[in-house]
Number of protein chains: 2
Amino acid sequence: MVTLAEVARHAGVSASTVSYVLSGKRSISSATRLRVERSIQDLGYHPNAGARALASSKSNIIALMMPLRTDMYVPVMMEIAVAVATTARTHGYDVLLLTGEEGASAVRRVTGSGMADAMILMDVELDDVRLPLLRESGQPAVLIGLPAETVGLTCVDLDFVATGALCAEHLAGLGHRDIAVIGEAPAVYERHTGFAERTLEGLRTRARELDLRLLHRPSDGGYDALAATLARIFDERPGTTGFVVQNESAVEPLLALLRRQGRAVPEDVSVVAVCPDPVAVQASVRLTSVAIPAQEMGRRAVEHVVAKLDGHGTDGIELLAPELTVRASTGPAPA
Amino acid sequence: MVTLAEVARHAGVSASTVSYVLSGKRSISSATRLRVERSIQDLGYHPNAGARALASSKSNIIALMMPLRTDMYVPVMMEIAVAVATTARTHGYDVLLLTGEEGASAVRRVTGSGMADAMILMDVELDDVRLPLLRESGQPAVLIGLPAETVGLTCVDLDFVATGALCAEHLAGLGHRDIAVIGEAPAVYERHTGFAERTLEGLRTRARELDLRLLHRPSDGGYDALAATLARIFDERPGTTGFVVQNESAVEPLLALLRRQGRAVPEDVSVVAVCPDPVAVQASVRLTSVAIPAQEMGRRAVEHVVAKLDGHGTDGIELLAPELTVRASTGPAPA
DNA sequence: ATGAAAGCGCTAACAA
DNA sequence: TTGTTAGCGCTTTCAT
């Protein structure tokens with residue numbers, strides 16, 4: 001293994017000079033810089049991560065904690081993770097992947113060992129068990145998702161309240177009066193993950209203002225569960241002409257069932273989805289939807305973390321503005 | 001920050017004793033062990049990862065490289081990644097997540113810096129650019145997927161040849177003679193990822209032996225692409241009664257299109273999928289399928305890596321045996 | 001069964 | 001602009 005000392009000897013300079021050439025933390029005459037850089041090339045030198053971490057108390061690693069509930073929509077998690085990893089690299093950081101298994105104790109392990117300089121927590125619940133430990137650890141951290149108590153925390157999330165409002169507005173604008181909301185699986189609500197409830201809040205508030213009638217029904221994914229949910233909805237509100245779906249695994253079943261019932265989309269009923277764009281585009285009817293900006297969330301989370309590590313920290317909540325894309329699943333309410 | 005030296009002082013022993021209590025590398029009287037363990041508790045000591053890595057030349061980190069092609073079925077990748085992370089933890093390792101962006105240079109960075117003790121490469125192509133570097137680095141590594149040249153490498157993968165054969169046998173056993181194979185997107189074949197071709201190979205060989213007529217058509221996912229593919233298939237082989245699908249995003253479109261054409265599943269045509277179990281179960285018709293054992297692949301990859309790191313290394317290929325689960329999408333060929 | 005002490009390879013004062 | 005040097009916190013050999 002090639003060490004910094006060897007590079008120094010080879011270049012005829014001191015160790016610190018090599019170190020400073022690498023870090024750029026002090027000015028070096030271009031002559032020596034060149035010699036050092038050549039030596040680095042010639043010898044194939046790579047700084048040792050452990051030694052660096054020890055000497056500088058910086059690991060250049062960001063820990064990413066992703067809980068793994070079976071009811072989460074996986075591709076979104078994945079997209080966020082990938083965005084985090086690639087964005088982190090552009091800032092010189094690597095990403096340590098922590099899964100849910102360890103839960104809160106992973107926070108201790110990572111912060112305690114100095115294994116990572118900061119953490120990003122995904123899928124944060126309203127009352128997340130990891131938060132107390134996180135706070136007391138004092139580690140720079142950014143949450144993706146919004147807990148109940150955000151004082152002193154930095155969070156990034158889609159503005160789900162605005163998302164709900166946007167859906168309501170779109171349907172109202174098309175003349176729909178009776179709207180059914182097909183929400184996430186009941187388990188999601190029981191866990192108080194927050195985003196489902198916030199969408200609903202936005203939907204309700206705006207619906208009231210726009211004089212819409214709203215019926216909310218959580219639903220598991222899959223055909224059978226959805227068939228039952230749909231039957232209930234039309235039973236209670238036969239005049240329903242607008243749907244808002246926030247459950248990726250309910251999208252296709254919903255479309256299939258409507259079709260089977262002879263209800264044409266968008267002629268008879270309109271459907272707005274809250275889902276990743278690929279899902280909306282690949283569906284059997286191209287869906288009008290509010291996208292989940294997974295990449296953007298991952299990117300912003302990293303940028304906040306890096307800002308903190310660089311000193312110009314910015315506590316607070318960043319809510320990404322929702323964007324509704326009109327596709328083929330919404331149209332004027334039937335007369 | 002609490003250091004090992006502080007623990008030693010607090011417990012009234014030497015630093016090395018504390019270290020040995022931690023590592024168990026030499027016998028300690030239970031009296032002192034107890035005192036040390038109490039001190040560790042009392043002070044809330046956590047070994048510093050960087051110092052450890054430096055002193056021991058071991059990072060206790062496994063790097064996981066996942067390329068990120070948009071045409072890969074993401075949930076499988078994710079499931080593998082999660083299985084890798086959790087299995088690694090049970091062996092005392094953490095996982096560093098490397099994405100495709102950096103490609104081969106990440107291999108250099110990680111091996112050079114001693115950041116990780118070993119690597120796991122996902123989604124290995126037949127002629128993967130990362131392999132030359134990997135070989136010359138001499139780093140312990142395990143591939144998930146099968147490259148063309150496997151000498152000196154350790155690989156884990158589903159036995160796709162056997163998978164293809166299994167599908168052929170199942171359909172043949174039900175009396176089907178004309179089988180259509182809806183494969184991955186053309187891009188997948190162009191990239192020579194291997195698994196698609198291997199499935200086909202197994203399918204072809206067994207089909208020949210069983211006297212089946214086979215028609216293979218790659219297809220992008222989504223309704224439009226699949227509608228075109230399906231039309232071509234029935235055009236060329238009107239008598240087709242059996243389908244093998246190896247493309248998750250083609251599954252639902254296929255079922256929908258068959259339904260729309262008035263072809264009942266499984267009365268008129270049978271469908272066997274090669275896909276993760278959740279996809280097979282959630283589909284609008286519960287699919288007879290060969291599962292992609294993502295978890296198992298991740299687990300085995302880690303176990304191989306750990307074995308190598310522990311000295312009892314085991315080079316070679318491990319092909320996981322496919323399992324076909326009969327569900328509601330296959331039945332006897334129509335008379 | 002335990003201790004003393006020499007590094008591991010790097011960073012960052014402190015000097016010049 | 002460059003060099004000297006004292007650690008960073010741990011592991012591990014060598015003693016005892």
Side-chain angles (χ1 to χ4, degrees), chain A residues 1-37 39-40 43-61 92 109-117 309 311, chain B residues 1-40 43-61 92 109-117 309:
Chain A
M1 187 206 199
V2 186
T3 69
L4 182 146
E6 303 183 69
V7 173
R9 195 171 328 123
H10 185 273
V13 300
S14 75
S16 59
T17 297
V18 177
S19 176
Y20 284 119
V21 165
L22 253 25
S23 68
K25 284 185 181 171
R26 79 179 183 191
S27 45
I28 306 278
S29 73
S30 49
T32 48
R33 156 172 297 116
L34 233 58
R35 282 221 313 293
V36 170
E37 280 165 350
S39 297
I40 289 178
L43 303 180
Y45 168 72
H46 282 276
N48 180 82
R52 260 203 174 156
L54 178 56
S56 66
S57 307
K58 291 209 50 201
S59 62
N60 282 300
I61 286 182
R109 205 166 53 78
V110 168
T111 64
S113 66
M115 197 163 233
D117 298 332
L309 291 174
Chain B
M1 189 205 197
V2 186
T3 70
L4 181 147
E6 302 183 69
V7 173
R9 198 173 324 126
H10 184 273
V13 299
S14 74
S16 58
T17 297
V18 176
S19 178
Y20 283 119
V21 166
L22 253 25
S23 68
K25 286 186 181 172
R26 81 181 182 191
S27 46
I28 306 280
S29 75
S30 50
T32 47
R33 156 173 296 114
L34 233 59
R35 284 219 314 292
V36 170
E37 279 165 350
R38 270 221 50 169
S39 298
I40 288 177
L43 302 181
Y45 168 71
H46 282 275
N48 180 81
R52 264 202 168 156
L54 177 56
S56 66
S57 306
K58 290 209 48 203
S59 62
N60 282 299
I61 287 183
R109 206 165 51 80
V110 168
T111 64
S113 66
M115 197 164 231
D117 298 330
L309 291 175

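Values reported hereafter were calculated over all heavy atoms of this structure, with side chains retained and with hydrogens, waters and symmetry mates removed. Chain A is the first sequence line, chain B the second, and so forth, proteins listed ahead of strands; every chain is numbered from 1.
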**OP:** Starting from the 5' end of DNA chain C, give me the residue, A:S16 or B:G12, whose nearest nucleotide shows up first.
**Re:**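 Upstream on the strand: B:G12.
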
Original post:
Any sub-3.5 Å donor-acceptor pair from A:S59's side-chain atoms to A:M115's backbone N or O?
Top reply: yes

Between atom [atom1] in [X] and atom [atom2] in [N], what is the gap in whole Å?
X: A:L4; N: D:dC8; atom1: CG; atom2: P; result: 19 Å
X: B:R26; N: D:dC14; atom1: CZ; atom2: P; result: 13 Å
X: B:M1; N: D:dG9; atom1: CE; atom2: P; result: 6 Å

Please give me the minimum heavy-atom distance between [X] and [Y], naming the atom from each residue.
X: B:V2; Y: B:L43; answer: CG2-O, 3.3 Å
X: A:A51; Y: B:L54; answer: CB-CD1, 3.7 Å
X: B:D117; Y: B:S57; answer: OD1-O, 4.5 Å

Solution key, residues 10-25 of chain B side-chain donor-acceptor pairs under 3.5 Å, sequence neighbours excluded:
from: B:H10; atom 1: ND1; to: B:S39; atom 2: OG; distance (Å): 2.7
from: B:S14; atom 1: OG; to: B:S16; atom 2: OG; distance (Å): 3.0
from: B:S14; atom 1: OG; to: B:T17; atom 2: N; distance (Å): 3.4
from: B:S14; atom 1: OG; to: B:T17; atom 2: OG1; distance (Å): 3.2
from: B:S23; atom 1: OG; to: B:S19; atom 2: O; distance (Å): 3.3
from: B:S23; atom 1: OG; to: B:K25; atom 2: N; distance (Å): 3.3

Subject >> For DNA chain C, the residues among residues 17-25 of chain B that have a non-hydrogen atom under 4.0 Å from it >> reply: B:T17

Subject >> Positions of residues 45-57 of chain B (non-hydrogen atom under 4.0 Å from DNA chain C), listed by number >> reply: B:L54, B:A55

**OP:** Tell me, with the steps shown, if A:R33 and A:V36 meet side-chain contact (heavy atoms from CB on, under 4.5 Å).
**Re:** CA-CA 5 Å; A:R33 156 172 297 116; A:V36 170; 5.8 Å; no

**OP:** Give one of base, sugar-phosphate or nothing for B:S29, where a contact means two heavy atoms less than 4.0 Å apart.
**Re:** sugar-phosphate

Original post:
Above 12 or not: heavy atoms from other molecules or residues under 6.0 Å from CZ of A:R26?
Top reply: yes

Original post:
Rounded to the nearest 0.5 Å, how far does CG of B:N60 lie from CG of B:L309?
Top reply: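 Going from the CG atom of B:L309 to the CG atom of B:N60 covers 9.0 Å.
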
**OP:** Would you mind listing every side chain to side chain donor-acceptor pair (under 3.5 Å) that reaches into residues 45-56 of chain B, with sequence neighbours excluded?
**Re:** none

Original post:
Partners of A:R35 by salt bridge (charged side-chain N to carboxylate O under 4.0 Å, His left out), sequence neighbours excluded?
Top reply: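 Salt bridge (charged side-chain N to carboxylate O under 4.0 Å, His left out) list for A:R35, sorted by chain: empty.
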
Original post:
First and last nucleotide of DNA chain C touching chain A, 5' to 3', heavy-atom cut-off 4.0 Å?
Top reply: C:dG9 to C:dC14

